[in-house]
Amino acid sequence: MTAHTRTALPLAEPRVSLPAAMLAVLRRDLQVSFRQSQDLLNPLLFFVMVVSLFPLGVSPEVAFLRQAGTGILWVAALLSTLLALDHLYRHDFDDGTLEQLVLQPQPLFLLVLAKTLAHWLVTGLPLVLLAPVLGVMMHLEGNSIAVLCLTLLIGTPVLSLIGSIGAALTLGLRSGGVLLSLLIIPLYIPVLIFGTGTVMAATEGAPVGAYLALMGAFLALALTLAPFASAAALKISLSSS
């Protein structure tokens, strides 16, 4: 029995309310993530390595890094999130926990939302916390770093929510990682464009309120639609496996 199978999902009892069920799923997924330390550290190490290698492989000039640093950080964050998506449902699918989750009396889309939140807390939030240090390494100014962290704080949950749909659709496939990338990366492009555009506008002294409002709209739309799509995709993948 692996470490991530030792935390049960006692959600089928009638006395368990919906908030308690979501909290139980969130707590369990966080415990599993911290037990699987390699899955927790790999995206962060990848994020740091990609950003660190760009000055060595392209140009270490300050002017270039200030101009391209925002895009480098956002692309690295996007790829790091994509790297961790394959583990969102994989462990639960392998040990049978996912079937138990689908059979719970609580709405599946809200339990999926709790799982996605746990995924963001252990992958997306650490990227936001690391961004100021790497922003200094890219010679970004203080205001640009602050806006960068704000865009990542809004944008990385969108990446996790959209990615949960692809992870559910490719669940159980042998080449799921490659197919997941092909499905999800085109959907990530608008978030990448507006994320980098917001920071570039802040660097030039332009107002960024409209950019942040659009990113907030992306987040609201993803929170509204992605859990339903992920829940439906999970049912399809489990019924065909």
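Remember, predicted model here, so these are calculated numbers, not experimental data.
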Sub-4.5 Å side-chain heavy-atom contact between [X] and [Y]:
X	Y	value
Ser230	Tyr89	yes
Thr81	Pro43	no
Leu65	Pro55	yes
His119	Ser164	no
Leu73	Leu140	yes
Pro227	Thr116	no
Phe109	Leu113	no

So if you build clusters from Ile, Leu, Val, Met, Phe, Trp, Tyr with side-chain heavy-atom gaps below 4.5 Å, do [X] and [Y] land together?
X	Y	answer
Leu41	Leu82	no
Val136	Val147	yes
Val75	Met200	no
Leu127	Phe34	yes
Val133	Val128	no

Side chain to side chain donor-acceptor pair (under 3.5 Å) against [X], all qualifying residues, sequence neighbours excluded:
X	result
Thr156	Trp120
Thr198	none
Ser33	none

Other members of the hydrophobic cluster containing [X], with the 4.5 Å side-chain heavy-atom rule, please.
X	value
Leu56	Leu53
Leu103	none
Ile189	Ile193

Point-to-point distance, once rounded to the nearest 0.5 Å, from [atom1] of [X] to [atom2] of [Y]:
X	Y	atom1	atom2	result
Leu134	Leu148	CG	CG	9.5 Å
Phe64	His139	CZ	NE2	12.0 Å
Leu18	Gln104	CG	CD	12.0 Å
Leu85	Arg90	CG	CZ	11.5 Å
Leu129	Leu152	CG	CG	10.5 Å
Leu238	Leu98	CG	CG	5.0 Å

Can you name the nearest heavy-atom pair linking [X] to [Y], along with the distance?
X	Y	result
Pro126	Val122	CG-O, 3.6 Å
Thr203	Ser144	OG1-OG, 2.9 Å
Ala167	Leu180	N-CD1, 3.3 Å
Asn42	Leu83	O-CD2, 4.1 Å
Leu192	Leu78	CB-CD1, 4.2 Å
Ala202	Asn143	O-ND2, 3.7 Å

- Item | Residues in side chain to side chain contact (heavy atoms under 4.5 Å, CB included) contact with Leu130, at least two apart in sequence or another chain |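 With sequence neighbours excluded, Leu130 shows a side chain to side chain contact (heavy atoms under 4.5 Å, CB included) to Leu44, Phe47, Val48, given in chain and number order.
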
- Task: Sort and list the pairs that fulfil side-chain hydrogen bond (donor to acceptor under 3.5 Å, both in side chains) and have at least one residue in residues 65-78, not counting sequence neighbours.
- Result: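 Only Trp74-Thr151 qualify under side-chain hydrogen bond (donor to acceptor under 3.5 Å, both in side chains).
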
- Message: Test: salt bridge (charged side-chain N to carboxylate O under 4.0 Å, His left out). Region: residues 113-138. Which pairs qualify, not counting sequence neighbours?
- Response: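 Of all non-adjacent pairs touching residues 113-138, those that pass salt bridge (charged side-chain N to carboxylate O under 4.0 Å, His left out) are Asp29-Lys115, Asp92-Lys115.
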
- Task: Provide the full list of salt bridge (charged side-chain N to carboxylate O under 4.0 Å, His left out) pairs with a residue in residues 150-162, sequence neighbours left out, each pair given once.
- Result: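 Pairs touching residues 150-162 that pass the test: none.
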
- Message: Is there a side-chain contact (heavy atoms from CB on, under 4.5 Å) between Phe93 and Ser237? Walk through the geometry before answering.
- Response: CA-CA 10 Å; Phe93 177 75; Ser237 296; over 6 Å; no

N/O donor to acceptor pairs below 3.5 angstrom from side-chain atoms of residues 204-225, sequence neighbours left out:
residue : atom : partner : partner atom : Å
Thr224  : OG1  : Ala220  : O            : 2.7

- With sequence neighbours left out, write down each residue that passes ring pair (Phe, Tyr, Trp, His ring centres under 6.0 Å) with Phe46, or none if nothing qualifies.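 Partners of Phe46 under the ring pair (Phe, Tyr, Trp, His ring centres under 6.0 Å) test: none.
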
